[in-house]
Number of protein chains: 2
Amino acid sequence: MPQTSAPRKTLGRPPRISREEVVTTARRIVDAEGVHRLTMRRLATEIGSTPMALYHHVRNKEELLVLLLDDYAARTLHRPELPAQPRERVIAAAATIHEALAACPWIVEVLTADDLMATSALWFVEQIVDGLIECGLPSERAVHGYRAIWYYTAGEIVVRATAGRRRTDDTRPTYREQVFTDLDPTELPRLAQVADHWSSLTAEDTYVDGLRALVDGLLAPR
Amino acid sequence: MPQTSAPRKTLGRPPRISREEVVTTARRIVDAEGVHRLTMRRLATEIGSTPMALYHHVRNKEELLVLLLDDYAARTLHRPELPAQPRERVIAAAATIHEALAACPWIVEVLTADDLMATSALWFVEQIVDGLIECGLPSERAVHGYRAIWYYTAGEIVVRATAGRRRTDDTRPTYREQVFTDLDPTELPRLAQVADHWSSLTAEDTYVDGLRALVDGLLAPR
DNA sequence: GCTAGTTTCCTTACATGTACAAAAACTTGC
DNA sequence: GCAAGTTTTTGTACATGTAAGGAAACTAGC
């Protein structure tokens with residue numbers, strides 16, 4: 001008995017699993033036990049298949065993670081009320097994306113995508129580009145501005161997340177930390193001056209401040 | 001016969017390899033054949049030892065890469081003449097770091113460090129923090145400013161590099177690319193408007209423009 | 001029904017990072 | 001010289017992503 005009552009039209013062996021099923025199951029594993037528990041084998045047995053079968057629905061694990069990111073975005077990235085003033089709209093849109101991504105630690109391994117091209121995130125990109133244009137930028141500079149915002153945003157998340165991961169992995173001080181403790185005040189006076197507060201200063205969340213500065217700078221007359 | 005003529009003072013079995021030797025050999029492999037050829041086994045045989053012996057001199061492969069990055073920085077990051085004007089000095093220092101890192105594609109896997117704390121790079125950090133302070137920022141805001149610059153810089157390199165890698169890996173279009181080709185112009189008018197030029201626009205190198213905007217914004221009166 | 005073609009799936013195999021435990025090569029105190 | 005302690009090295013073992021090739025389950029044409 002065929003899968004459906006209607007006669008099949010597609011050629012070849014009928015699939016027993018779908019890309020959607022793969023992504024959904026992967027999501028369940030990640031949500032329940034964290035991304036480090038998501039292995040291709042685990043996913044395969046969970047889905048009642050074999051590891052290599054997955055590779056017919058997903059190019060590789062990295063693509064699977066990208067799909068998970070899009071899935072996550074589609075579920076959690078709801079369009080908020082944005083300010084009418086275009087500059088504030090740019091900032092609010094970027095901050096919303098940032099907030100959603102920052103709340104989702106496993107994203108880091110994917111964030112290095114060249115853009116946030118999930119369909120559900122495109123609306124935010126639109127808002128940012130549109131806001132920049134309404135503020136007077138020509139469209140090419142608006143696109144460049146969006147990219148700068150994206151670099152800044154992705155960089156912030158990736159840097160913070162991996163720094164945190166390195167810290168929890170091991171308690172021994174990195175030699176980098178050591179480097180910072182014995183500074184030569186005559187050679188590097190400013191750093192020596194702030195050395196004591198460095199770690200607390202870098203622990204602060206200043207994403208929005210930096211974002212605001214960047215947008216201000218992008219919009220300032222040349 | 002002991003290693004040196006002088007009597008040894010250290011306890012335990014004398015080491016046959018050193019961290020320095022590990023890093024140097026790793027560098028040779030990376031320089032000659034690329035980072036993807038650097039495996040712990042390969043490195044071990046090259047050095048005349050066993051894989052697990054390396055782990056007494058290096059915490060794991062990630063730390064080895066960090067060490068490679070510092071080594072690279074120490075060799076190639078020479079202090080240039082910087083402009084006297086503090087704002088331009090900030091930009092020049094950041095651009096110099098960026099240039100060095102961008103020329104070194106394998107760096108990507110490490111860049112997610114929370115800072116660029118190589119001893120040889122600290123001078124650049126000093127220049128940036130000092131420039132921001134000389135422009136009138138209080139020291140805490142200068143540190144935050146440096147971090148924003150670092151986020152932006154690291155993000156740019158990581159995003160660009162992985163985007164490039166994905167592209168060369170496979171010729172098939174990503175589904176992300178597909179997403180961008182069929183846009184609804186009524187829903188996302190700005191994106192539809194620039195869709196044709198998107199890839200060429202994002203291919204342009206606008207790092208310094210964005211950096212300048214960010215610094216301008218950081219220094220603008222609140 | 002039979003053959004060819006197509007798509008999906010499974011089996012096997014390999015390279016890699018690294019955990020774990022034991023052995024090896026030392027120093028120190030007796 | 002010997003026992004205890006310390007550090008480095010080695011051998012073995014496992015989990016992981018995924019390449020390669022073939023088997024399985026279909027449709028289309030005869």
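The shown structure was predicted, so the numbers you read here are calculated from the model rather than taken from an experiment. A, B, ... follow the sequence lines: proteins, then strands. Residue 1 opens every chain.
Side chains of B:Tyr151 and A:Arg160: a donor on one and an acceptor on the other come within 3.5 Å. Judged purely by distance below 3.5 Å, without hydrogens or angles, the side chains of A:His197 and B:Glu140 never pair a donor atom with an acceptor atom.
Computed from coordinates, the B:Glu63 CD to C:dG17 C1' distance equals 15 Å when rounded to whole Å. Distance CZ (A:Arg16) to C1' (C:dC10): 10 Å, rounded to an integer number of Å. Note: CZ (A:Arg13) to C1' (C:dT7) measures 9 Å, nearest angstrom. The distance from atom CG of A:Leu11 to atom P of C:dA4 is 16 Å, rounded to the nearest whole Å.
Here the CG-CZ distance, from A:Leu201 to B:Arg147, works out to 9.5 Å after rounding to the nearest 0.5 Å.
Under the side-chain contact (heavy atoms from CB on, under 4.5 Å) criterion, B:Ala148 pairs with A:Tyr152, B:Leu214, sequence neighbours left out. Among residues two or more places apart in sequence or in another chain, the side-chain contact (heavy atoms from CB on, under 4.5 Å) test is passed with A:Ala154 by A:Trp150, B:Val159.
Of the listed nucleotides (C:dT28, D:dT9, C:dT8), C:dT8 has the atom at the smallest distance from the side chain of A:Pro15. Comparing D:dT9, C:dT27, C:dT11 by their nearest atom to the side chain of A:Thr50 picks out C:dT11.
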From CA spacing to verdict: side-chain contact (heavy atoms from CB on, under 4.5 Å), A:Tyr72, A:Leu77 = CA-CA 8 Å; A:Tyr72 173 80; A:Leu77 208 55; over 6 Å; no
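In this model, the phosphate group of D:dC26 is not approached by any side-chain N or O of A:Thr10 to a distance below 4.0 Å at OP1 or OP2. The shortest distance between the side-chain N/O atoms of B:His56 and the OP1/OP2 oxygens of D:dT8 is below 4.0 Å.
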List every contact pair, protein side and nucleotides 15-18 of chain D side both N or O, where the distance is under 3.5 Å.
{"residue": "D:dG17", "atom": "OP1", "partner": "A:Lys61", "partner atom": "NZ", "Å": "2.5"}
{"residue": "D:dG17", "atom": "OP2", "partner": "A:Met40", "partner atom": "N", "Å": "2.8"}
{"residue": "D:dG17", "atom": "N7", "partner": "A:Arg41", "partner atom": "NH2", "Å": "2.5"}
{"residue": "D:dG17", "atom": "O6", "partner": "A:Arg41", "partner atom": "NH2", "Å": "2.6"}
{"residue": "D:dT18", "atom": "OP2", "partner": "A:Tyr55", "partner atom": "OH", "Å": "2.9"}
{"residue": "D:dT18", "atom": "OP2", "partner": "A:Lys61", "partner atom": "N", "Å": "3.0"}
{"residue": "D:dT18", "atom": "O4", "partner": "A:Arg41", "partner atom": "NH2", "Å": "3.4"}

